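Single-structure report; data block below.
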Amino acid sequence: MIETRRFPQTDLYGITASEYSLGRSNQEVVQQMLEAGIKLIQYREKEFTIRQKYDECLVIRQLCREHDAYFIVNDDVHIALAVEADGIHVGQDDLPVDKVRELVGEKMLIGLSTFTPQQADQAVNSGVVDYLGVGPIYDTSTKKEACVSVGLEYLDYLVQHYRIPLVAIGGIKQSNVANVIRHGVTCVAMITDVVGADNIGQRIKAIRETISIAKASLEKPR
Ligand code: TZP
Ligand code: MG
């Protein structure tokens, strides 16, 4: 468990999705992400049993520790606690964030998915959320229950109005990530473009190069 609760300064947020991983296990995919230098991994599996998720999280938690990477669990507060994750990521239909904070204590990061300014306001005012998920920026079929894409305007609004760490997500790929970065976000999350790549390591390297070129073209990245 990390000592002080602080969202890491990092460019790419890796998320599991065995359905899109070309037959590779989540463990294998995470191993490749970590070897490619990703420092923030979220375990996200919507269709698995609690026991399957717990067993995978135990292993991935350890892998993240060995690579000095943060490990965040999606949805399941009790699994995050059971494996001593560094964070929990919840959405608007999960437990309210103040309740999540009560359950996980002060050390664990809390991320919240948002797609409207009101949700962002509430999250920031709650004082318990450490970063906001922002999206879907573009159309995506990866998140089954996703709302229609919010576009870059919502991201612009957050970049202009808040200092809380932001993670842009949804339909982001190597081909369009530069544009997202140019809107001022530091960190982006990608599912299919990473886990669905034939060579995950090479794809991550290419994405990170693209991000770093886009950031260099900005005066004041945040
Ligand atoms: N939350 C908003 S969009 C999304 C999630 C989990 C799915 C992102 O997946 P992809 O494949 O990067 O579009
Ligand atoms: Mg959720």
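Whatever order the structure lists them in is the order used to number ligands and atoms, beginning at 1. What you are looking at is a predicted structure, and each value in this text was computed from that prediction instead of being measured.
- The T142 neighbourhood of ligand 1 comprises atoms 7 (C), 9 (O), 10 (P), 11 (O), 13 (O), with distances under 4.0 Å to a heavy atom of that residue.
- We find that R65 and D86 are not joined by a salt bridge, their nearest charged nitrogen and carboxylate oxygen being 4.0 Å or further apart.
- Within ligand 1, the atoms closer than 4.0 Å to a non-hydrogen atom of M190 are 12 (O), numbered from 1 in the order shown.
- A 4.5 Å side-chain heavy-atom check between S25 and E28 finds at least one atom pair inside the cut-off.
- The closest donor-acceptor contact from the side chain of D94 to the backbone of G91 lies under 3.5 Å.
- Checking only distances, A189 never comes within under 3.5 Å of ligand 1, N or O to N or O.
- Close contacts between ligand 1 and G171 involve ligand atoms 10 (P), 13 (O) [criterion: under 4.0 Å to a heavy atom].
- For residue D93, no N/O/S atom approaches the Mg ion (ligand 2) to within less than 2.8 Å.
- Note: an N/O pair closer than 3.5 Å links I191 and ligand 1 by distance alone.
- Close placement of the Y131 and H89 rings is indicated, their centers lying within 6.0 Å of each other.
- Y138 has its side chain within reach of L152: a pair of non-hydrogen atoms, C-beta onward, lies under 4.5 Å apart.
- Inter-residue side-chain proximity for V167 and V188 is flagged as unmet; no heavy-atom pair is nearer than 4.5 Å.
- Residue contacts with ligand 1: S113 is excluded, as none of its non-hydrogen atoms falls under 4.0 Å.
- Between Y157 and Y162, the ring-plane angle classifies as perpendicular under the 30° and 60° cut-offs.
- Distances from the Mg ion (ligand 2) to each N, O or S atom of D94 single out OD2 as the nearest.
- Looking at ligand 1, you'll find an N or O of T192 within less than 3.5 Å of one of its N or O atoms.
- Of all the atoms in ligand 1, the ones that sit under 4.0 Å from a non-hydrogen atom of R44 are 6 (C).
- Residue-level check: among N/O/S atoms of D75, OD1 sits closest to the Mg ion (ligand 2).
- Two residues are said to be in side-chain contact when any heavy atoms from C-beta on lie closer than 4.5 Å; I137 and I169 fail this criterion.
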